[in-house]
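Scroll down for the structure; my scribbles are underneath it.
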Amino acid sequence: MTTTHAPAVPGLAADVLAAHGDRVTLHDLYDEAGAPVYHDLAATDTSEIRELLRATRALPGPVLELAAGSGRLTLPLLALGRPVTALELKESMVALLRQRLAEAPAGIGERCTVVQGDMSAFDLGATYGAVVLGTTSVSLLDAEARTGLYASVRAHLAPGGRFLLSTVDVTAGDDDLDVEAVGASGRRYRMIEHWRAGQEVRRVTILAPEREIPQDGPVPVFTTAIRVLPPDDLTRELAGAGLRVVARHALPAASARHTGVLLEAEADR
Ligand code: SAM
């Protein structure tokens, strides 16, 4: 088995990989080989966009979007007609975002300010009616970085402004979740998720469905670990950081075991 700095996978995924032996090439989902797979799958996931737009529309003033990536949420936010500041850590993502903005219909891209920065420590010298952190990206940060995120967000909320963030509630099963998904390209993927109650991370492993794996040649497999931050825990953590959750909306379920949740928090004054 070839690895590119990707860790061993547990449970059902380990059995599936063992069946293909040394034909397996294991990649991190966010490395060079994995990124196109992530984008293919993410492009079809519109589950939170409607709720995010509805909540943002109700808040006056400019919008700050954190962890903007290549703009999957940025462009719909801009379509609301507000100025949007999009903050993103990775240079490669910032470049993709700038390219998409340049290609957007006239006027839209001009309302967007792109900032390369770290959402756990930023100072933009401005305040916003809505600070948006979608795609459950809060789970990318460890506890210390989340403390920095909350302090930075508080400092950037205008009076009455709200922090809108999504997370996911996961129901543990005795077995691993094994589902098929279709990417924007039409390509099919088998997704295996391993999580047991109390574990800090769930591990997602992605490969072609068994029937589509050729008899010979490499079998590419992509894996990532996602921190589990249940909405009740996150609500308590936000309260401890002076951000009071004032509304909570269920998002369309990604699977029988996942419930997306959008939280709206205001700063204690
Ligand atoms: N919101 C986009 C979307 O829906 O496609 C991107 C979501 S992607 C799951 C998470 C993004 O967060 C990546 O583009 C990653 O580079 C960025 N990111 C990770 N850590 C970050 C940090 N500390 N500050 C800002 N962005 C960060």
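Quantities reported herein were computed from a predicted structural model and do not represent experimental measurements. Order of appearance sets the numbers: ligands from 1, and atoms from 1 within every ligand.
Between Leu140 and ligand 1, no pair of N/O atoms sits closer than 3.5 Å.
Between the side chains of Glu264 and His249, at least one donor N or O lies within less than 3.5 Å of an accepting N or O.
Using a 4.0 angstrom heavy-atom cutoff, Ala42 does not count as in contact with ligand 1. Heavy atoms of Gly134 come nearer than 4.0 angstrom to ligand 1 in no pair at all. For the ligand labelled ligand 1, residue Ser70 lies outside the 4.0 Å heavy-atom shell.
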Given salt bridge (charged side-chain N to carboxylate O under 4.0 Å, His left out), test Glu51 with Arg54 step by step and report yes or no. CA-CA 5 Å; Glu51 277 299 325; Arg54 190 200 51 72; 3.0 Å; yes
Verify salt bridge (charged side-chain N to carboxylate O under 4.0 Å, His left out) between Arg188 and Asp40, making sure each step is shown before the conclusion. CA-CA 10 Å; Arg188 295 193 161 273; Asp40 198 25; over 6 Å; no
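Pairing each heavy atom of Thr25 with each of Pro220, the nearest pair is OG1-CA, 3.3 Å.
Contact annotation for Phe122 and ligand 1: no heavy atom of the residue comes within less than 4.0 Å of the ligand. At a heavy-atom cutoff of 4.0 Å, ligand 1 is contacted by the side chain of Thr135 but not by its backbone. Within the 4.0 Å heavy-atom criterion, the part of Met93 lying near ligand 1 is the side chain and not the backbone.
Ion pairing of Arg248 with Asp232 is present here, as a side-chain N (NZ or NE/NH1/NH2) and a carboxylate O approach within less than 4.0 Å.
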